[in-house]
Amino acid sequence: MPPPVFRFAPSPNGYLHLGHAYSALLNFDLAQQGGGSFLLRIEDIDATRCRPEYEAAIYEDLAWLGIAWEMPVRRQSEHFAAYREAIDRLSALSLIYPSFESRAEIARLVEAREKASPWPRDPDGAPLYPGTAKSLLPAERERRLASDAPFALRLDMEAAIARAGHLTWNELGAGPSGETGIVAARPDAWGDVILARKETPTSYHLSVVIDDALQGVTQVVRGEDLFCSTSVHRLLQQLLRIPQPAYRHHHLIRDDTGRKLSKSTLATGLRELRAAGATPAKIRQLVGLP
Ligand code: GLU
């Protein structure tokens, strides 16, 4: 068996907290124990929320924790061409269509539909796409694409599932309800997900599967909040004919009230803990790692 490849893939849209420390240290420890490698990837596709000072802080905080990563670091904002190429391949399979509604219009459409019966939500709680852009006539679609209007490129989920068939993944950890072992993918739960936008030619789902494949990642170890997203990732891997890694979803570090940590809660920020005198050994102890 070739040595395993692990990665930690933070978004530089805030400072790291104990939850990130747990995920990064767990990946690093597993890589060391398995004689594998540990990669760091900066998921900075969202130019409106990512900032250079957060990226610099990621390097500083991880080094302080005693984590070493292979060079070069992959920064997603430098690889838009690779994501565009994947969109082109999916388009060539007739699995992509543009939609033109704003967020406000989508909210209005959902409200209107909910007058009849509850409208389905995706695993993150967002309403499934309620629009009808899939059935726009080609000429109208071209006219709108050529205009200044913003658009989102969506996956035609029904067609994608028909093409890919039944999919599973190997879960070495556990999902929020204890799912483990061979897990059935349920990409239909996400509806026609957005894979790219006019201003950002990719999305979290698309970049993560392309990069894991291009970087040869064999073990995706990440928080259980991304467990359900794995269904979309498996679907994209199948459609794009790229290898599937094994997945290990881990529990989330929670605050005293049981809530998931956010990048703005100072009490659990690594910089704050460090300033208050915490050592890397103390951080390991706080997140329950040896
Ligand atoms: N960039 C994602 C985050 O910050 C993690 C992506 C992943 O591990 O698949 O939550």
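Starting from 1, each residue takes its place in the sequence as its number. These numbers come from the heavy atoms of this one structure, side chains and all, not from hydrogens, waters or symmetry mates. Order of listing sets the numbers, starting from 1, for every ligand and every atom in it. In this text, all values refer to a predicted model and were calculated from it rather than measured experimentally.
- Numbered from 1 in the order shown, with element, the atoms of ligand 1 that lie under 4.0 Å from a heavy atom of Ser11 read 1 (N), 4 (O).
- Set against the non-hydrogen atoms of Val208, the atoms of ligand 1 under 4.0 Å away are 9 (O).
- Of the candidates His249, Arg222, His233, it is Arg222 that places a heavy atom closest to atom 9 (O) of ligand 1.
- Counting only distance, with no hydrogens or angles, the side chain of Asp124 and the backbone of Ala126 share no donor-acceptor pair below 3.5 Å.
- There is a side-chain donor-acceptor pair under 3.5 Å between Gln76 and Glu43.
- Salt bridge Glu140/Arg144: present, at least one basic N to carboxylate O contact under 4.0 Å.
- In this structure, Tyr204 counts as a contact residue of ligand 1, since one of its heavy atoms falls inside 4.0 Å of the ligand.
- Counting heavy atoms closer than 4.0 Å to ligand 1, residue Leu226 contributes side-chain atoms (C-beta onward) but none from N, CA, C or O.
- A donor-acceptor pair is defined here as one N or O able to donate and one able to accept, closer than 3.5 Å; such a pair exists between the side chain of Arg141 and the backbone of Lys134.
- Residue contacts with ligand 1: Ala9 is placed with a nitrogen or oxygen under 3.5 Å of a nitrogen or oxygen of the ligand (distance criterion only).
- The residues Glu111 and Arg108 are annotated as not salt-bridged, no charged nitrogen and carboxylate oxygen being separated by less than 4.0 angstrom.
- Under a 4.0 angstrom heavy-atom cut-off, Arg7 registers as being in contact with ligand 1.
- We find that Glu70 and Arg7 are not joined by a salt bridge, their nearest charged nitrogen and carboxylate oxygen being 4.0 Å or further apart.
- Each of the atoms 1 (N), 2 (C), 5 (C), 6 (C) of ligand 1 lies under 4.0 Å from some heavy atom of Glu43.
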